[in-house]
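One structure is given below, encoded as structure tokens.
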Amino acid sequence: MRKIYNDEVLKRVFNKYKQNLFSTRDFRLPKEALAALIALPNRAQLYQLPNAKIDAYIGKIINEYEAIIMADQPKMITLIKEFGTIVAVSKIKKRFYEDIVRAMRYDALREKEFIQMVQELGIKTCVYCHAQLTLVIDKEYYKRNFPDIPARKGDVRFRRALLELDHRHPKSKYPFLSTTFYNLYPVCGSCNRIKSKNESTFDLYCDHKDVEVFRFSLDKDSVIDCLTKKDKSLIKISINWLNINDDDAKKYLNMFDIQQIYDTQKDIIEELLHKKVVYNDKYKKELHDEFRLLFPDPSMVNRLIIGNYDQPEDVLKRPMAKFVQDIARDIELIPKI
């Protein structure tokens, strides 16, 4: 519901991905594994395609491998068209795409390289619904130094991903994009299952600062009804969109049941409305003045009040952060930006 701006952090992670992908692995690397598929004598029978088409399709992956794994959204669209002229999506059989995905080492990427990137980007919540955790935890550490590998005592040996990776452009249709950095989105299991083999209308990464896509607000009359009748069920939540066309926005909201998810969170809104009464501007200033040493950054007072991150760039660090921030600003509990 909010894009990630291609800032210095993302560029650093992206460059590390480009330079170090599978660099420390001892298995057959993607280009070599893909070449082995072309060498299969019975490939036409296996994939139910002419040898010439198989060789051209896989050969293009090998020849453009570096450009493919680094492709941004416009480049991915171009690649989809180019590969489609070789083998139409409708002609791609399960064995064909599965063998390509396997050769490109997607499973290995999912277990190690990409989850490290997610951890470095600080993404801790589903990029589709923003309601569920997507964590990477350091599971095991090296206990001693190893002279033959660049690992020392205390370095992370194994990470565990409490998330799923979704392909914006499905790998079953476009197996050549199975390990493309900008095609991989850390999501919760629920959103991944809902999306399945469909294509998302949401582009997570962007090169401009218009990163806001959806914004929550409240129907003002419903707030009055809630407060006067002391009934939170009367609250009506609106979801507005910007920087996305109407059709794409509606498809997104319907696909991931965004309205229905957040309609279950009216208790959070009720708490924020009560806090609006308690934490007036005078009280907030007194809190900051009295606990200046504890809260040198005034935004920490806002975080204390709303119980979540208060800055837009931090919405992927904790579930519900986007929702809480938008509502808190809508009711002027924290300053608008």
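Quick caveat: nothing in here was measured; it's all calculated off a predicted structure. All values below come from the heavy atoms of this structure, side chains included, with hydrogens, waters and symmetry mates left out.
When the shell of 6.0 Å around NZ of Lys229 is examined, it contains 12 or fewer heavy atoms from other residues, nucleotides or ligands. More than 12 non-hydrogen atoms from other residues, nucleotides or ligands lie less than 6.0 angstrom from CZ of Arg12. Counting heavy atoms of neighbouring residues, nucleotides and ligands inside a 6.0 Å radius, atom CG of Asp281 does not exceed 12 of them. Heavy atoms of other residues, nucleotides or ligands lying less than 6.0 angstrom from NZ of Lys173 number more than 12. Heavy atoms of other residues, nucleotides or ligands lying less than 6.0 angstrom from NZ of Lys11 number more than 12. Summarising the local packing, CD of Gln45 is surrounded by 12 or fewer heavy atoms from other residues, nucleotides or ligands at distances under 6.0 Å.
Among all heavy-atom pairs drawn from Pro175 and Val101, the shortest one is CB-CG2, 3.9 Å. The two residues Tyr252 and Val127 make their nearest non-hydrogen contact at OH-O, 3.7 Å. Summarising the geometry of Phe216 relative to Ile237, their closest heavy-atom pair is CD2-CG2, 4.1 Å, with the distance given to 0.1 Å. Closest non-hydrogen pair, Lys91 versus Leu49, comes out as O-CD2, 3.9 Å. Nearest heavy atom pair, residue Leu79 against residue Ala71, reads CD1-CB, 3.9 Å. Counting all heavy atoms, side chain and backbone alike, Tyr262 lies closest to Ala131 at OH-N, 3.8 Å.
Rounded to the nearest 0.5 angstrom, Asp203 CG and Ile4 CD1 are separated by 10.5 Å. We find the NZ-CG distance between Lys124 and Asp314 to be 10.0 Å, quoted to the nearest 0.5 Å. Atom CE in Met1 sits 7.5 Å away from atom CD1 in Ile239 (nearest 0.5 Å). Rounding to the nearest 0.5 angstrom, the gap separating the CZ atom in Phe176 from the CD1 atom in Ile68 is 7.0 Å.
Ring-centre distance between Tyr106 and His167: below the 6.0 Å cut-off. The aromatic ring centroids of Phe14 and Tyr205 lie 6.0 Å or more from each other. No close placement of the Tyr174 and Tyr97 rings is indicated, their centers lying 6.0 Å or farther apart.
Under a 4.0 Å N-O distance rule, the pair Arg329/Glu332 does not qualify as a salt bridge. Ion pairing of Arg168 with Glu199 is absent here, as no side-chain N (NZ or NE/NH1/NH2) approaches a carboxylate O to less than 4.0 Å. A salt bridge between Glu82 and Lys75 is absent, with no side-chain N of the basic residue lying under 4.0 Å from a carboxylate O of the acidic one. Salt bridge annotation for Arg303-Asp310: absent, with no cationic side-chain nitrogen under 4.0 angstrom from a carboxylate oxygen. Using a 4.0 Å cut-off between a side-chain N of Lys or Arg and a carboxylate O of Asp or Glu, Asp225 and Lys236 do not qualify as a salt bridge. At a threshold of 4.0 Å, the pair Asp247-Lys251 does not count as salt-bridged, since none of the basic side-chain nitrogens sits closer than that to a carboxylate oxygen. Here Lys31 pairs with Glu66 in a salt bridge; the nearest charged N to carboxylate O distance falls below 4.0 Å.
Using modelled atom types, one finds a donor on one side chain and an acceptor on the other under 3.5 Å when comparing Asp207 with Asn6. Using modelled atom types, one finds no donor on one side chain facing an acceptor on the other under 3.5 Å when comparing Asn198 with Ser196. Looking only at atom types and distance, the side chain of Ser217 has a donor-acceptor partner in the side chain of Asn240 under 3.5 Å away. Under the 3.5 Å distance criterion, with hydrogens and angles disregarded, a donor-acceptor pair is assigned to the side chains of Tyr47 and Asp99.
Residues Asn243 and Phe214 fail the side-chain proximity criterion, which asks for heavy atoms closer than 4.5 Å. Residues Lys112 and Arg25 are in side-chain contact: their nearest non-hydrogen atoms beyond the backbone lie under 4.5 Å apart. When side chains are defined from C-beta on, Lys197 does not count as touching Lys171, because their heavy atoms never get closer than 4.5 Å. Contact of the Thr228 side chain with the Ile224 side chain is registered, since non-hydrogen atoms from C-beta on lie closer than 4.5 Å. Contact check for Ile100 versus Met104: side-chain heavy atoms found under the 4.5 Å cut-off. The side-chain heavy atoms of Ile62 and Ile38, taken from C-beta on, include a pair separated by under 4.5 Å.
Put simply, the side chain of Tyr185 never gets that close to the backbone of Glu164: no donor and acceptor are under 3.5 Å apart. Without hydrogens or angle criteria, Asp330 side chain to Asp326 main chain gives no donor-acceptor distance under 3.5 Å. In this structure, the side chain of Asn192 does not engage the main chain of Cys188 through any donor-acceptor pair within 3.5 Å. A donor-acceptor pair under 3.5 Å links the side-chain atoms of Asn183 to the main chain of Leu177, judged by distance alone. Judged by distance alone, with hydrogens and angles left aside, the side-chain atoms of Arg2 form a donor-acceptor pair with the main-chain N or O of Pro312 at under 3.5 Å.
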Determine, stepwise, if the pair Lys3 / Asp210 fulfils salt bridge (Lys or Arg N to Asp or Glu O under 4.0 Å). CA-CA 8 Å; Lys3 299 181 181 182; Asp210 296 326; over 6 Å; no
Run the salt bridge (Lys or Arg N to Asp or Glu O under 4.0 Å) check on Asp289 and Lys285 step by step: do they pass? CA-CA 6 Å; Asp289 291 344; Lys285 184 177 184 305; 2.8 Å; yes
List the steps and the verdict of salt bridge (Lys or Arg N to Asp or Glu O under 4.0 Å) for Asp55 and Lys60. CA-CA 8 Å; Asp55 296 353; Lys60 184 175 175 66; over 6 Å; no
Is there a side-chain hydrogen bond (donor to acceptor under 3.5 Å, both in side chains) between Gln259 and Asp263 once you walk through the steps? CA-CA 6 Å; Gln259 183 74 57; Asp263 278 342; 3.1 Å; yes
side-chain hydrogen bond (donor to acceptor under 3.5 Å, both in side chains) assessment of Asp248 paired with Trp241: CA-CA 10 Å; Asp248 286 348; Trp241 52 87; over 6 Å; no
Run Glu212 and Lys322 through salt bridge (Lys or Arg N to Asp or Glu O under 4.0 Å) and show every step you take. CA-CA 10 Å; Glu212 196 84 1; Lys322 179 80 172 68; 2.7 Å; yes
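In this structure, Lys18 forms no cation-pi arrangement with Phe181, as its terminal cationic atom is not both closer than 6.0 Å to the ring centre and no more than 45° off the ring axis.
Using cut-offs of 30° and 60° for the angle between ring planes, the Phe256 and Tyr128 rings count as parallel.
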